[in-house]
Protein chains: 2
Amino acid sequence: MTTEMLTALDQAGVRLTGPRRQLTELIGRRQGHFTAAELLDDAERRRLGIGRATVFRLLELLAEQSLVERLDLPDGRHAYIPCEPTHHHHLVCLNCGTSTDVGDCGIDAVTTEAARRSGFEIQQHRLELFGTCPDCQSKKRVKR
Amino acid sequence: MTTEMLTALDQAGVRLTGPRRQLTELIGRRQGHFTAAELLDDAERRRLGIGRATVFRLLELLAEQSLVERLDLPDGRHAYIPCEPTHHHHLVCLNCGTSTDVGDCGIDAVTTEAARRSGFEIQQHRLELFGTCPDCQSKKRVKR
DNA sequence: CTTCATGCAAACCCTTTGCACGTCG
DNA sequence: CGACGTGCAAAGGGTTTGCATGAAG
């Protein structure tokens with residue numbers, strides 16, 4: 001997956017530099033969403049000598065290529081999620097941060113209905129689902 | 001509508017002070033979403049002598065009472081929208097900023113389907129729709 | 001070798017906080 | 001009067017930018 005990101009960046013004409021390789025590697029190791037600060041911490045903990053700016057600049061590049069998507073957590077923080085560059089939505093686990101992509105699931109019907117009721121011409125939508133993933137569900141059941 | 005906000009705040013045991021009255025007034029004048037900075041600008045332009053902090057503190061109060069909802073614009077900015085304190089979603093005009101609330105429109109079916117596919121237990125969702133409102137549609141048609 | 005990326009630090013938002021003073025009820 | 005709200009300024013986070021140096025193709 002980390003390789004996919006690199007080849008996609010390469011094809012987009014982006015230089016595959018050391019810091020970029022290392023950061024995508026770190027992103028790959030993380031499962032689920034992460035904040036810019038977390039990624040930066042990862043890099044610092046490994047003494048990679050990567051600057052804040054580089055992290056933000058790479059995230060911007062990845063977002064341009066839709067290899068990563070910026071999302072807003074319910075608590076207001078910003079996070080990034082690695083994902084496929086096709087239209088989809090995210091299902092985020094509030095407990096462990098894992099996320100899954102979900103496809104359409106019938107949202108088109110919703111937007112159409114909303115358009116009909118309001119007279120708006122809908123161009124974009126953003127749907128984010130938050131809950132508990134299967135893993136965390138079973139762990140909680142055991143603990144209690 | 002600005003009165004509605006005030007009475008709702010009153011009922012919540014919040015003091016109806018001068019600055020709060022003036023700010024809700026300004027919110028009422030605005031149609032559609034606004035950012036904290038815009039509201040602050042409004043206040044400064046009218047020389048109301050209202051501080052930054054007061055603006056943020058009022059927005060927090062209004063959000064607690066669900067009289068206003070904080071939302072994330074597609075461009076990443078944070079905005080606030082005055083709204084009814086019931087569960088619903090927003091339809092925001094990308095051209096003029098007007099917004100409408102839309103009710104359910106069948107989103108429950110979508111979350112249920114997503115839950116079924118993923119095994120997640122869904123607790124929260126956020127849906128934001130962006131497009132062009134009827135007014136702006138007709139204006140554009142005339143212009144071009 | 002030329003272009004582009006990097007690290008660093010400073011600059012910039014946006015938002016929150018501490019505090020002395022003013023105001024509401 | 002007493003609790004609460006206010007303005008101001010400063011602090012705090014997160015993100016961006018300017019610039020001299022260093023690496024990629």
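Every value quoted in this text rests on a predicted model; they were computed, and no experiment measured them.
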Could you tell me whether the phosphate oxygens of dC4(D), OP1 or OP2, come under 4.0 Å of any side-chain nitrogen or oxygen in T17(B)?
-> no
For I27(A) and P82(A), which heavy atoms make the closest approach, and how far apart are they?
-> CG2-CG, 4.1 Å
note: L62(B), atom CG; dG5(D), atom P; distance rounded to Å ~ 13 Å
Find the distance D41(A):CG to dT15(D):P and express it as a whole number of Å.
-> 13 Å
For L40(B) and dT6(D), give me the distance from atom CG to atom P, rounded to whole Å.
-> 14 Å
Mind checking whether V55(B) and I50(B) have side chains closer than 4.5 Å, heavy atoms only?
-> yes
Would you tell me if any nitrogen or oxygen in the side chain of R20(B) comes within less than 4.0 Å of OP1 or OP2 on dC24(C)?
-> no
Using a strict 4.0 Å threshold on nitrogen-to-oxygen distance, state whether R21(A) and E25(A) make a salt bridge.
-> no
Compute the centroid of each ring, for H89(B) and then for H125(B), and state whether the two points are separated by less than 6.0 Å.
-> yes
Indicate for each nucleotide in nucleotides 8-16 of chain C, in 5' to 3' sequence, whether protein heavy atoms under 4.0 Å reach the base (B), only the sugar-phosphate (S), or nothing (-).
-> B------BB
Would you mind reading off the distance between L48(A) atom CG and dA23(D) atom C1', rounded to a whole angstrom?
-> 17 Å
Does the salt bridge (charged side-chain N to carboxylate O under 4.0 Å, His left out) test come out yes or no for R57(A) and E60(A), once each step is laid out?
-> CA-CA 5 Å; R57(A) 286 186 281 229; E60(A) 195 183 339; over 6 Å; no
Start at the 5' end of DNA chain C and walk down; is the nucleotide closest to R15(B) or to R15(A) reached first?
-> R15(A)
May I ask you to say whether D42(A) pairs ionically with R30(A), meaning some side-chain N is under 4.0 Å from a carboxylate O?
-> yes
Close side-chain approach of L129(A) and V110(B), heavy atoms under 4.5 Å = no
Take atom CG of L61(A) and atom C1' of dA5(C), then tell me their distance rounded to the nearest Å.
-> 10 Å
Taking CZ from R21(A) and C1' from dA24(D), how many angstroms apart are they, rounded to a whole number?
-> 10 Å
L16(B) CG to dC4(D) P, in whole Å, measures 15 Å
Provide, to the nearest angstrom, the distance between the CG atom belonging to L23(A) and the P atom belonging to dT6(C).
-> 8 Å
